[in-house]
Number of protein chains: 2
Amino acid sequence: MNQLCNRRETKRHQTALRLQQCAIALTLDRGFDSWTIDDLAAAADVSRRTVFNYFDGKADVVLGPVVELDPERVAVFVAGGPSGDLLSDVLTMAADVIEEHTSDKDMAAAGRRAVLGDPRLLGLAHQRFEDVTAEFVEHVRQRDGDDFSPDRARLLSRLVVTLFDNAAERAEAEPGRPFAEHFDAAVRDARDVLA
Amino acid sequence: MNQLCNRRETKRHQTALRLQQCAIALTLDRGFDSWTIDDLAAAADVSRRTVFNYFDGKADVVLGPVVELDPERVAVFVAGGPSGDLLSDVLTMAADVIEEHTSDKDMAAAGRRAVLGDPRLLGLAHQRFEDVTAEFVEHVRQRDGDDFSPDRARLLSRLVVTLFDNAAERAEAEPGRPFAEHFDAAVRDARDVLA
DNA sequence: GTGTCCTGGTGCAAAGATGCACTCATGAAC
DNA sequence: GTTCATGAGTGCATCTTTGCACCAGGACAC
């Protein structure tokens, strides 16, 4: 799905992934403050300078690259697509983002634990979430008009995260079935609960 | 011993080694003519162009980089050093060359089989040996004067190779002891036989 | 013959990795 | 308070890798 066609992109992706994996492992192992960029560089077998070629800072390596919505998809979404149903389209977009952001589930889980283990990382992650939420709210209102209140849009954003989080928990408990099924179950249960 | 101090040299060395290993493996597996540079590049996980950045041609990858005597050592040798005894000094120089040329014994053995399996590789290897022998003969005569006949110098060259070859066989049969001991034994036996 | 692959090999420009010499902030030692 | 050490982060020159267009020669079809 991603551009893994040419060798350059492949290696770049591998290096970024290796750096993040090592950063997470180091954080889980010793704590965020107890490893240096040099340690990370050595662990990932790159030079210290290369770390900063890939990430904007120490925390960014653990958190991974900042999520940014594909402008093309955003345009479709703002125009009312792809399906026309707001919730469905939001979930579709969220699924895409989450999919490409957490290709490896084990690493995602480890990253979660690492972030949860350090207040500073948690704060940064929270800030990031606020940022994308703000952007998302803006798009929802562009799509459905200003009568869709910011509060409602923010609630929608939170709801989506909650649903995915719950689906992830279900998936962890019962890994055999596809994620989509767990997710559908979460949506159904949410509707039941709220009904 | 080699310059493995900085990351650049290390990676360069690793890549060269990986390329040669893959080339040997491919040759052993399918024969020298039945793999392409692209196959090798894919196997070693580098681009086709990189192969030619490291080696001068397809055969050179299997044979490894051309041996070239360290000018500094050669100067010492021509001047009569380091010990003053011809045979001893020749063996010292040869040991150095062989040492840095075949750091991995298994790979050296595999390379030997690969070369032996293809007439063209064998020819090239033989040509290479002739070249260094010619160079060596020149140095011996520079050191000991022109009364040291070329024939005698060539014999010396052959003798050295034979001794190392024999020592390698002994080392393979009895890998526990250090190579130097095997080599000394080979020299002793050679002297006994010729006495 | 003549075209057409296939493969070895080269030139070149762009992208990526590295080493190194900085700066800046922080915190401990004195 | 000053010094000193440590570690984050940056700028830049240099080396390495890659992609791509290209050429040359051999095999093979027609």
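Both backbone and side-chain heavy atoms feed into the values below; hydrogens, waters and symmetry mates do not. Convention: sequence-line order gives letters A, B, ...; per-chain numbering from 1.
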Under 4.0 angstrom, heavy atoms only, what part of the nucleic acid is B:F55 near: base, sugar-phosphate, or nothing? nothing
How many whole angstroms separate atom NE2 of A:H13 from atom P of D:dT18? 18 Å
Quick check on DNA chain D: between B:T15 and A:T36, whose nearest nucleotide comes earlier from the 5' end? A:T36
Using the salt bridge (charged side-chain N to carboxylate O under 4.0 Å, His left out) rule, take B:R128 and B:D60 through it: C-alpha gap first, then chi angles, then the decisive distance, then the call. CA-CA 11 Å; B:R128 279 195 180 187; B:D60 277 325; 2.5 Å; yes
Is there, by distance only and without an angle test, a donor paired with an acceptor across the side chain of A:R49 and the base of D:dG11 below 3.5 Å? yes
Answer with base, sugar-phosphate or nothing: what part of the nucleic acid does B:D38 contact at a heavy-atom distance below 4.0 Å? nothing
Using a cut-off of strictly less than 4.0 Å, decide whether A:K58 has a side-chain nitrogen or oxygen near OP1 or OP2 of D:dG7. no
Would you tell me if any nitrogen or oxygen in the side chain of B:Y54 comes within less than 4.0 Å of OP1 or OP2 on D:dT17? yes
Does B:R158 make a cation-pi contact with B:F129 (under 6.0 Å, within 45 degrees of the axis)? no
Base, sugar-phosphate, or nothing for B:T50, non-hydrogen atoms under 4.0 angstrom? base
Using only atom types and a distance under 3.5 Å, with no angle test, would you say the side chain of A:R73 pairs donor to acceptor with the backbone of A:M93? no
Got a donor-acceptor pair under 3.5 Å from the side chain of B:R8 to the base of D:dT14? yes
Rounded to the Å, how far apart are B:R12 CZ and C:dT18 C1'? 13 Å
Ignoring hydrogens and geometry beyond distance, is the side chain of A:R48 in donor-acceptor contact with the base of D:dG9 at under 3.5 Å? yes
Rounded to the nearest Å, what distance is computed from the NZ atom of residue A:K11 to the C1' atom of nucleotide D:dT16? 11 Å
In whole angstrom, what separates B:N53's CG from C:dA17's C1'? 15 Å
DNA chain C nearest-nucleotide lookup for A:V46 and B:W35: closer to the 5′ end is B:W35
Would a single hydrophobic cluster contain both A:L124 and A:V132, if residues Ile, Leu, Val, Met, Phe, Trp and Tyr are joined by side-chain heavy-atom contacts under 4.5 Å? no
